[in-house]
Enquirer: 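Provided herewith is a single structure, encoded as structure tokens, for subsequent inquiry.
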Amino acid sequence: MKIEQIYTGCLAQGAYYIVSEGEAAIVDPLREIQPYLERLAKDKVTLKYIFETHFHADFVSGHLDLSKATGAKIVYGPTAKAGFDCVVANDGEEFSLGKIHIKVLHTPGHTLESSTFLLKDEQDKPHCIFSGDTLFLGDVGRPDLAQKAANMTQEELAGLLYDSLMNKIMPLPDDIIVYPAHGAGSACGKNMMKETVDTLGNQKKVNYALNQPDKDSFIKAVTDGLQPPPGYFGMNVAMNKQGYDSFESVLHKGSTPLSVEAFEAAAETTGALILDTRDSGVFYKGFIPQSINIGLGGDFAPWVGAMIVDVKQPILLVCEAESYKDAITRLSRVGFDHVIGYLEGGFENWLNAGKPVDTVERIDAAEFAGMLDVNSDTIFDIRREGEYVAEHIENAYNKPLLYINEWIKDINPSEHFFVHCAGGYRSMIAASILQARGYRNFTEIAGGYKAIAETNIPRTDFVCPSKTLKL
């Protein structure tokens, strides 16, 4: 028996590859399937099943392309209603894979069809669970995403989740390995650990949600401090339920090189958003006016989803060298399939063609410290609330990037302000959005709070984020 966790840091997502006696299964595959096909060929095994723990909201699964390429059956838990052929398993149903068995445990709460897959080894001993978004390390799945589909409140869904955990998961042996669908950084939970594998016994000790004294306390704990989910989540669910274009066709369509003239014409006639994926340290020095910077070097796909929201938005790419394929691939993972093409030769060609160029006013932390008056200057700290609460510049305002569409309307365009995040990635996203919407009277801080903390700028005392409710 072989179990491999395939973890994708950009999405904080774990897919799983399981092999026994020439047969394989994959749990929660990513959109692009070629890496899985290569693993199957290398191991000389046949893919028998594709197990989906639920209809994912934060990424588009590769289940359809993978099934088409291999003939493997797609398996969901009870109550799943999909727009394609799949196996809707019964609670407790077992699927054989070589000499092992995978048992379906229906664990609704995150969504109604959410299921945990229990793997039993060659001796029929429970070995591990693929817990999807039911149980994370340090947390449990958020119970607010399926409210509309389930016609239930988040409190009612949290109650279902409690029953699922107490009746299906907690009775399992402590030495069982927990393989979750996500880790720290995912918007599917609020308090996930950085580790990606643990034992159930340790989770019973350290997971706050599993240590609540009763159901009412559990419901309050898991619903308290939930932030609104990113706007693209519902669109990803729809794609996972109903289907989507093949990844190969999306990649082919997006991999269209455009000359400066063709790129400019496409931007003017299609309503496409210009997405510049270069590093913030390069972007601020010069970029195409009205373009948005979300660098490939960070949590690219989730931030694209959160900032752009509409997965049908046409996109034109500005990339470094040959990174356009990586950009298209990562965009497709969150359902953004409408890339028109990329600027051939990158920004350098635009610059050499004498086209208009914009810049962002950026200073380093030392310059910031030399000019800042904390009593009179306006500072926007765009980190998450938990980061801000833990420690921040005195008198700074917390304006999380995730809610820029709300707070941008309250900005006085005639009043100067400084903007920073943790390291400069998010603040450049904000800077590009601000300038695209006509706000220019601001200065962005390179290196963010990490660099600011090395200066003498007055800051609040550190408070451990685990002691705050909103993480």
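Computation of the quantities below employed the complete heavy-atom set of this structure, encompassing side-chain atoms and omitting hydrogens, waters and symmetry-equivalent molecules. Counting from 1, the numbers follow the sequence of the chain as shown.
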Enquirer: List the atom of N441, the atom of S414, and the distance in Å for their closest heavy-atom pair.
Expert: ND2-O, 3.4 Å
Enquirer: Would you say the side chains of E344 and N349 form a donor-acceptor pair under 3.5 Å?
Expert: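 Distance-only check fails for E344 and N349.
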Enquirer: Report the C-alpha separation of H56 and D28 in whole Å, then their side-chain angles, then the decisive distance to 0.1 Å, and conclude whether the side chain to side chain donor-acceptor pair (under 3.5 Å) test is met.
Expert: CA-CA 9 Å; H56 306 283; D28 294 339; 3.0 Å; yes
Enquirer: Looking only at side-chain N and O atoms, does N240 offer a donor or acceptor that is under 3.5 Å from a partner on H54?
Expert: no
Enquirer: Assess whether atom NZ of K81 is packed by more than 12 heavy atoms of other residues, nucleotides or ligands within 6.0 Å.
Expert: no
Enquirer: Tell me which one of T53, T134, D133 satisfies side chain to side chain donor-acceptor pair (under 3.5 Å) with H110.
Expert: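 In the set T53, T134, D133, the residue that makes a side chain to side chain donor-acceptor pair (under 3.5 Å) with H110 is D133.
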Enquirer: Does N202 reach the main-chain N or O of D198 with its side chain, forming a donor-acceptor pair under 3.5 Å?
Expert: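 The answer is no, because no donor-acceptor pair under 3.5 Å joins these two groups.
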Enquirer: Is the gap between the ring centers of F283 and F347 under 6.0 Å?
Expert: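 No: the rings miss the under 6.0 Å criterion.
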Enquirer: Do E444 and R362 pass the salt bridge (Lys or Arg N to Asp or Glu O under 4.0 Å) test, and can you show the C-alpha distance, the side-chain angles, and the key distance before you say yes or no?
Expert: CA-CA 5 Å; E444 188 261 351; R362 165 177 266 199; 2.5 Å; yes
Enquirer: With a 3.5 Å distance limit and no angle check, can you tell me whether S164 reaches the backbone of L160 through a side-chain donor-acceptor pair?
Expert: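 Present.
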Enquirer: Are F136 and H182 close enough that some pair of their side-chain heavy atoms sits under 4.5 Å apart?
Expert: yes
Enquirer: Is there a donor-acceptor contact under 3.5 Å from the side chain of T455 to the main chain of I457?
Expert: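 Present.
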Enquirer: Is the F417 ring parallel, tilted or perpendicular to the F442 ring (thresholds 30°, 60°)?
Expert: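 Plane angle under 30°, so parallel.
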Enquirer: Begin with the C-alpha distance, continue with both residues' side-chain angles, and end with the deciding distance and a verdict on side chain to side chain donor-acceptor pair (under 3.5 Å) for E248 and S246.
Expert: CA-CA 5 Å; E248 290 302 323; S246 74; over 6 Å; no
Enquirer: For the residue pair A15 and P29, what are the closest heavy atoms and their distance?
Expert: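 So the two residues come closest at CB-CA, 4.2 Å.
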Enquirer: Just how far is it from atom CD1 of I340 to atom CD1 of I315, taken to the nearest 0.5 Å?
Expert: 9.0 Å
Enquirer: Taking side chain as C-beta onward, heavy atoms only, is L64 less than 4.5 Å from F84?
Expert: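 Side-chain contact under 4.5 Å: yes.
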Enquirer: Is the distance between the ring centroids of F380 and W407 less than 6.0 Å?
Expert: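 Yes, they do, as the ring centres are separated by less than 6.0 Å.
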Enquirer: Determine, step by step, whether H416 and T378 satisfy the side chain to side chain donor-acceptor pair (under 3.5 Å) criterion, reporting the C-alpha distance in whole Å, the side-chain angles of both residues, the deciding distance to 0.1 Å, and the verdict.
Expert: CA-CA 7 Å; H416 178 267; T378 300; over 6 Å; no
Enquirer: Please assess D216 against K220 for the test salt bridge (Lys or Arg N to Asp or Glu O under 4.0 Å), listing each intermediate value before the final yes or no.
Expert: CA-CA 6 Å; D216 287 342; K220 185 178 188 304; over 6 Å; no
Enquirer: Between T359 and K285, which heavy-atom pair has the shortest distance, and what is it?
Expert: CG2-O, 3.2 Å
Enquirer: So which heavy atom on I26 is nearest to which on Y17, and how close?
Expert: CG1-CD1, 4.0 Å
Enquirer: Kindly list each side-chain donor-acceptor pair under 3.5 angstrom involving residues 229-236, sequence neighbours excluded, with atom names and distances?
Expert:
unit_1: N236; atom_1: OD1; unit_2: F59; atom_2: N; d: 3.4
unit_1: N236; atom_1: ND2; unit_2: V334; atom_2: O; d: 2.9

Enquirer: Any donor-acceptor pair under 3.5 Å linking the side-chain atoms of D373 with those of S376?
Expert: yes
Enquirer: Tell me if a side-chain donor or acceptor on K253 pairs with a main-chain N or O of D337 at a distance below 3.5 Å.
Expert: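 Flag set: sc K253 to bb D337 pair under 3.5 Å.
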Enquirer: Apply the test side chain to side chain contact (heavy atoms under 4.5 Å, CB included) to residues Y244 and V250: give CA-CA distance (whole Å), side-chain angles for both, the deciding distance (0.1 Å), then the verdict.
Expert: CA-CA 10 Å; Y244 45 75; V250 171; over 6 Å; no
Enquirer: Given side chain to side chain donor-acceptor pair (under 3.5 Å), test D214 with S217 step by step and report yes or no.
Expert: CA-CA 5 Å; D214 52 44; S217 298; 2.8 Å; yes
Enquirer: Go through the steps for E32 and R333 under the test salt bridge (Lys or Arg N to Asp or Glu O under 4.0 Å), then give the verdict.
Expert: CA-CA 8 Å; E32 67 276 16; R333 290 175 183 168; 2.4 Å; yes
Enquirer: Please check this pair: side chain of E391 against backbone of A453, looking for a donor-acceptor N/O pair closer than 3.5 Å.
Expert: no
Enquirer: Between A12 and A184, what is the shortest heavy-atom contact and its length?
Expert: CB-O, 3.5 Å
Enquirer: Side-chain contact test, heavy atoms from C-beta onward, threshold under 4.5 Å: evaluate it for Y403 versus P228 and give yes or no.
Expert: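 Y403 vs P228: side chains touch.
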Enquirer: Any side-chain to backbone donor/acceptor pair from D358 onto P289? Under 3.5 Å, distance only.
Expert: no
Enquirer: Would you say E415's side chain and I411's backbone share a donor-acceptor pair under 3.5 angstrom?
Expert: no
Enquirer: Before accepting this row, confirm whether a basic side-chain N of the pair E394/R459 lies closer than 4.0 Å to the acidic partner's carboxylate O.
Expert: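 R459 and E394: not salt-bridged.
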Enquirer: Would you tell me whether T196 and Q5 have side-chain atoms, one donor and one acceptor, within less than 3.5 Å of each other?
Expert: yes
Enquirer: Do H392 and N398 have side-chain heavy atoms sitting under 4.5 Å apart?
Expert: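 The answer is no; the side chains never approach within 4.5 Å.
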Enquirer: Given side chains that start at C-beta, do those of L30 and T8 come closer than 4.5 Å, heavy atoms only?
Expert: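 They are in contact (side-chain heavy atoms under 4.5 Å apart), so the answer is yes.
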Enquirer: Give, for atom CG of L66 and atom CD of Q34, the distance between the pair rounded to the nearest 0.5 Å.
Expert: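 Interatomic distance, L66 CG to Q34 CD, rounded to 0.5 Å: 10.5 Å.
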Enquirer: Walk me through whether V318 and F287 qualify under side chain to side chain contact (heavy atoms under 4.5 Å, CB included).
Expert: CA-CA 9 Å; V318 179; F287 55 90; over 6 Å; no
Enquirer: Is there side-chain contact between L165 and T107, with heavy atoms separated by less than 4.5 Å?
Expert: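 L165 vs T107: side chains apart.
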Enquirer: Are F368 and H420 an aromatic pair, judged by ring center distance below 6.0 Å?
Expert: no
Enquirer: Are any non-hydrogen side-chain atoms of D326 and L296 less than 4.5 angstrom apart?
Expert: yes
Enquirer: Between P108 and L161, is there a side-chain heavy-atom distance shorter than 4.5 Å?
Expert: no
Enquirer: Do side-chain atoms of S259 reach the backbone of A262 as a donor and acceptor pair under 3.5 angstrom?
Expert: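 Yes; at least one donor-acceptor contact below 3.5 Å.
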Enquirer: Go through the steps to decide whether F418 and L372 satisfy the test side chain to side chain contact (heavy atoms under 4.5 Å, CB included), and finish with yes or no.
Expert: CA-CA 9 Å; F418 296 97; L372 176 67; 4.2 Å; yes
Enquirer: Under 3.5 Å, side chain of T277 to main-chain N/O of L317, donor-acceptor pair present?
Expert: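 Answer holds: no.
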Enquirer: Could you please spell out the steps behind the side chain to side chain contact (heavy atoms under 4.5 Å, CB included) verdict for T256 and L258?
Expert: CA-CA 6 Å; T256 302; L258 299 172; 4.1 Å; yes
Enquirer: Would you say the side-chain atoms of T329 pair up with the backbone N or O of K325, donor to acceptor, closer than 3.5 Å?
Expert: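 Here the side-chain-to-backbone pair exists.
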Enquirer: Tell me whether K215 forms a cation-pi arrangement with Y162, defined as NZ or CZ under 6.0 Å from the six-membered ring centre and within 45 degrees of its axis.
Expert: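 Verdict for Y162: no cation-pi partner in K215.
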Enquirer: Aromatic ring centroids of F51 and F130 under 6.0 Å?
Expert: no
Enquirer: I'd like to know whether OH of Y397 has more than 12 heavy-atom contacts from other residues, nucleotides or ligands below 6.0 angstrom.
Expert: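 Incorrect, the count does not exceed 12.
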Enquirer: Could you give me the CA-CA distance, side-chain angles and deciding distance for K312 and D310, then say whether salt bridge (Lys or Arg N to Asp or Glu O under 4.0 Å) is met?
Expert: CA-CA 5 Å; K312 295 182 180 180; D310 183 4; over 6 Å; no
Enquirer: Check step by step if ring-ring contact (aromatic ring centres under 6.0 Å, His included) holds for Y76 and F55.
Expert: CA-CA 9 Å; Y76 282 95; F55 292 118; 4.6 Å; yes
